[in-house]
Amino acid sequence: MSDSFGKGHHLHLIDGSAYIFRAYHALPPLTRKSDGLPVGAVAGFCNILWGELTKSGREVPTHIAVIFDFSSKTFRNDIYPLYKANRPELPEDLRPQFPLTRAATRAFNVACIEIDGFEADDIIATLARQAVEAGGACTIISSDKDLMQLVGNGVRMRDPMKDKTIDRDEVIEKFGVGPERVVDVQALAGDSVDNVPGAPGIGLKTAALLINEYGDLETLLDRAVEIKQPKRREALINNAELIRISKRLVSLDAHVPLDFTIADLSVLEPEPEALLGFLQEMEFRTLTRRVSDRLQVEAPAVAETPEPKAAAPERLPFDHSTYARVSDLPALHAWADRIREIGHVAVDTETTSLDEMRAELVGISLAVDPGRACYIPIGHKQGGGDLFGSTDLVPGQLALDDVLAVLKPILEDPAILKIGQNMKYDWKIFARIGVTVAPIEDTMLMSSAMYAGLHNHGMDTLSETYLGHTPIPIKPLLGSGKSAITFDRVAIDDAVKYAAEDADVTLRLWQSFQPNLHRAKVTTVYETLERPLVPVLARMEMHGIQVDRDTLSRMSNAFAQKMAGLEDEIQTLAGDRFNVGSPKQLGEVLFDRLGLPGGTKGKTGAYATGADVLEDITTLEDTYPQGAQLAARVLDWRQLAKLKSTYTDALQDHINPETGRVHTSYSLVGAVTGRLSSTDPNLQNIPIRTEEGRRIREAFVAPAGRVLVSLDYSQIELRILAHVADIPSLQQAFRDGIDIHALTASEMFSVPLDQMTPDIRRRAKAINFGVIYGISGFGLARNLRIPRAEAQGFIDRYFERFPGIKEYMSETVKFAQGSGYVQTLFGRKIHTPEINAKGPTAGFAKRAAINAPIQGTAADVIRRAMIRMPDAITHLDAKMLLQVHDELLFDVAEEDAAELTRIAKAVMENAHHPVLTLKVPLTVEAGQGLNWAAAH
DNA sequence: CTCGTCACG
DNA sequence: GACGTACGTGACGAGT
């Protein structure tokens, strides 16, 4: 501990107010159980602060402080009374938490600083300056752009949420100028959130442009008359005083009088009693446990303190040395006995591959109580991973058959719960050796039901977030790259620790999640939409779909030839050889060499060359014939390159040599809305929109004597929208089976249905989709390639015709802002932690919040259909193969095709019953054929 | 390992 | 006359 500050020392300054707001908006409104005191923001604040204090790495501070705003009135209000005048009122349940966050900071034994008349940012500026002048380093932990002017000369920032360092480069990326000119740019651009006026009509982009051209703000104002654009010139000349005031508002005061020195801020260990006392008073169970765990480890003297122990008696630290290795049958039977006694067990399998269809079982781990877990090695091999690793088994392992003789009855026992993290994986591994695991619990799915939108649901995240424990990483065991080994080459002693810990973590997560599932009111979601889908998906994946290698291979060759031809043409047009697949090189050819207009560089400094850009260039035939042709060829080449690399080439590699079929893997938690996602390979994005791409579906075939049947929901999201937004005319149209886009067009543009033109219908269709996505004038304008004003006109008229839509949108956003989540009609929750953010993030969050209930309800509907499907079609020779969001694909014996279509259609159309009655019918369209293209 | 691009609903 | 925007995904090649 140091009582000075200077060279070699490192000061961390935490922007406390920012923490509070992030914490408040990121968490559901938590209250203290005993008296209902709102403490959500305090809880989040403590979690972030504790994370910051226990962070390990090279950037460990020697000195630290949390800085807060004292009040909303500061010296800036004397300069400009309207400063921050349009800030929304503080939420009622947040205000009382402010003093608590100060108390929390002190409880963690961290200096807590606030000074009347100054913003936290000024104090941070002052301390950062002093730190650098004393020869030390300073890291500001905040993502506030107003602090970016301080970066440089030994001062850096770190965004605590993204854990991203903000250095000079990031500042330039954000403001277009270095830190020393940031205030000039801010003074010009103003800030609507803080009510800094700036120059009217000048935004960040223009401001940076001007400052870069003239050097600094004063020079710019002096020479404003030279500016060519009349609007800009007038804006600067007429508002010079306002701009200077703005600069004073955004400039931080680095000379705030302080009654302490940096030396007083040295890092101190928390006093266990004070800290645990505070946390217990707040009734933060998890954090109390986590802190007491940690302090016991680091400060053994505290272990005797009886208080914290009593607070979390059930919590055991993770101790890898207690995990058992099971090498003989008596030991295995002892574990089996304990499992039968308590009726549940956490299970995890270790294998040689992440691909369940090729993975070989290496071992099984079991956990029965927290801290009580074992690993049963079965397939570990000799030879530690060198190239000539033998195929001899390591001695001292039980044989698979002997293990299964004991475990199969347990794994299939309807009275014993099998708990896993991502159970679909283990289910498939066991299924391949003849064991059908049931009933199951899955901590990953529980997390997804409770916390979708807040974080991912991997075991590491869950363990860190809810157990305060970082599991042993797999990387050091397996290595990486060329020298990577498979799990069967891992030393058994290491494997025991790693594998048993996974089961232990899973068990503890399950215990901690159980009560929360009810509290979050998502038990039904978990039990009816998540858990039962596991065996359904596992069977679909294992069955796979037949893909014809020859068809793909022929297409690959044809594509390669066409591409070579196009490449020649492109090189000729360009006058030089370059890599057509490189967007960077292509951009240089188009915009530098050929001098085409419209070249815009993105933030990485590369020209944008996306399809929309290239399409615009193709229209310049008269002025730039060469460039227009080149762009057209590149578009063709790109399409072929995509089809070849992603589909015709890659799919061949995914044909399983044993089954001759392609086995995708669905993720139940990949999408926050509840949609599935598909990987390795992704079979949910096989081409269909272009004729050339569509032919790839001809390679997905039915075996001899069978056919593929495709059933897809017609307009399911629009139907759900018509229901939730309660639009009678749209609902009636769906009931009458009228073309919904044509009807929309007719209502909006007052064109009778029998006089509808394809173009008007196309526009209405774009608007209908836009609404589902949280429409904006900008987005629609870009999609339809029409002026923004016209697009806005369409939207206005749409809202006029269908007022329920606007109401739904604002109600949904309002709900999200109040609660932090939105819900589907089946109760699935999707959290929206960014909904109260400021800036462009808010726009994203709002649109996502509008879309999620619609997309999510549709996802729930097809999940329900899939779960019911197997029982509905048992009497038929048919298999469900694929799901593509609103489509199910079946493989069925020819003679059963008609019956399957009838039944599966009925299951899908009634999937929402009985829990939900919609004011619109759900309809399903069917097709069948010998391949997927023909079935659609 | 990130970015740009593009395939799907 | 721009803070910046349609929603949700996964895979590939290029380039760092």
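Quick caveat: nothing in here was measured; it's all calculated off a predicted structure. Throughout, a chain's letter reflects where its sequence line sits, starting with A, and its residues are numbered from 1.
Spacing of P atoms, B:dC6 relative to C:dA6, comes out at 15 Å, to the nearest Å. Straight-line distance between the C1' atoms of C:dC3 and B:dT5: roughly 25 Å, to the nearest whole Å.
One atom, NZ of A:Lys145, and another, C1' of C:dC3, lie 9 Å apart when rounded to the nearest Å. Atoms CE (A:Met908) and P (B:dG9) sit 14 Å apart, rounded to a whole Å. If you take CZ of A:Arg695 and C1' of B:dC8, they are 20 Å apart, rounded to a whole angstrom. Following rounding to the nearest Å, A:Glu588 (CD) and C:dA14 (P) show an atom-to-atom distance of 15 Å.
Note on A:Gln639: every side-chain N or O is 4.0 Å or more away from OP1 and OP2 of B:dT5. Neither OP1 nor OP2 of B:dA7 sits under 4.0 Å from any side-chain N or O of A:Arg689. Contact between the side-chain N/O atoms of A:Lys205 and the OP1/OP2 oxygens of C:dG4 is found at a separation under 4.0 Å. Residue A:Arg782 has no polar side-chain atom (N or O) positioned under 4.0 Å from OP1 or OP2 of C:dT5. Of the side-chain N and O atoms in A:Asn579, one or more sit less than 4.0 angstrom from OP1 or OP2 of C:dA14. At C:dT5, none of the side-chain N or O atoms of A:Arg847 fall inside 4.0 Å of OP1 or OP2 (strictly under the cut-off). A:Thr609 has no side-chain polar atom (N or O) that falls below the 4.0 Å cut-off from OP1 or OP2 of B:dG4. When the side-chain nitrogen and oxygen atoms of A:Lys584 are compared with OP1 and OP2 of B:dG4, none of them lie within a distance under 4.0 Å. Checking the phosphate oxygens (OP1, OP2) of C:dG15, a side-chain nitrogen or oxygen of A:Ser582 falls inside 4.0 Å. Within the 4.0 Å cut-off from OP1 or OP2 of C:dA6, not a single side-chain nitrogen or oxygen of A:Ser776 is found.
Contact annotation: side chain of A:Arg232 to base of C:dG1, donor-acceptor pair absent below 3.5 Å.
Proximity note for A:Lys642 (side chain, C-beta onward) versus C:dA11, B:dC8, B:dG9: the nearest is C:dA11.
Remark: A:Glu615 engages A:Arg785 in a salt bridge, criterion side-chain N to carboxylate O under 4.0 Å. Ion pairing between a basic and an acidic side chain is recognised when a charged N comes within 4.0 Å of a carboxylate O; A:Glu692 and A:Lys562 show such pairing. Under the 4.0 Å criterion applied to side-chain N and carboxylate O atoms, A:Asp184 and A:Arg181 are assigned as salt-bridge partners. Look at A:Asp159 and A:Lys164 and you find no salt bridge, because none of the NZ, NE, NH1 or NH2 atoms lies under 4.0 Å from a carboxylate O. Electrostatic pairing of A:Lys806 and A:Glu811 does not count as a salt bridge here, judged by no charged N lying under 4.0 Å from a carboxylate O.
Under a 3.5 Å cut-off, the side chain of A:Glu530 and the backbone N or O of A:Ala449 do not form any donor-acceptor pair. The backbone N or O of A:Tyr666 sits less than 3.5 Å from a side-chain atom of A:Lys424, completing a donor-acceptor pair.
No engagement by A:Leu643 is indicated, since no non-hydrogen atom pair under 4.0 Å with the nucleic acid exists.
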Dot-bracket summary - DNA chain C, pairs being Watson-Crick or G-U whose distances fall under 3.5 Å, with | when paired to another strand
......|||||||||.

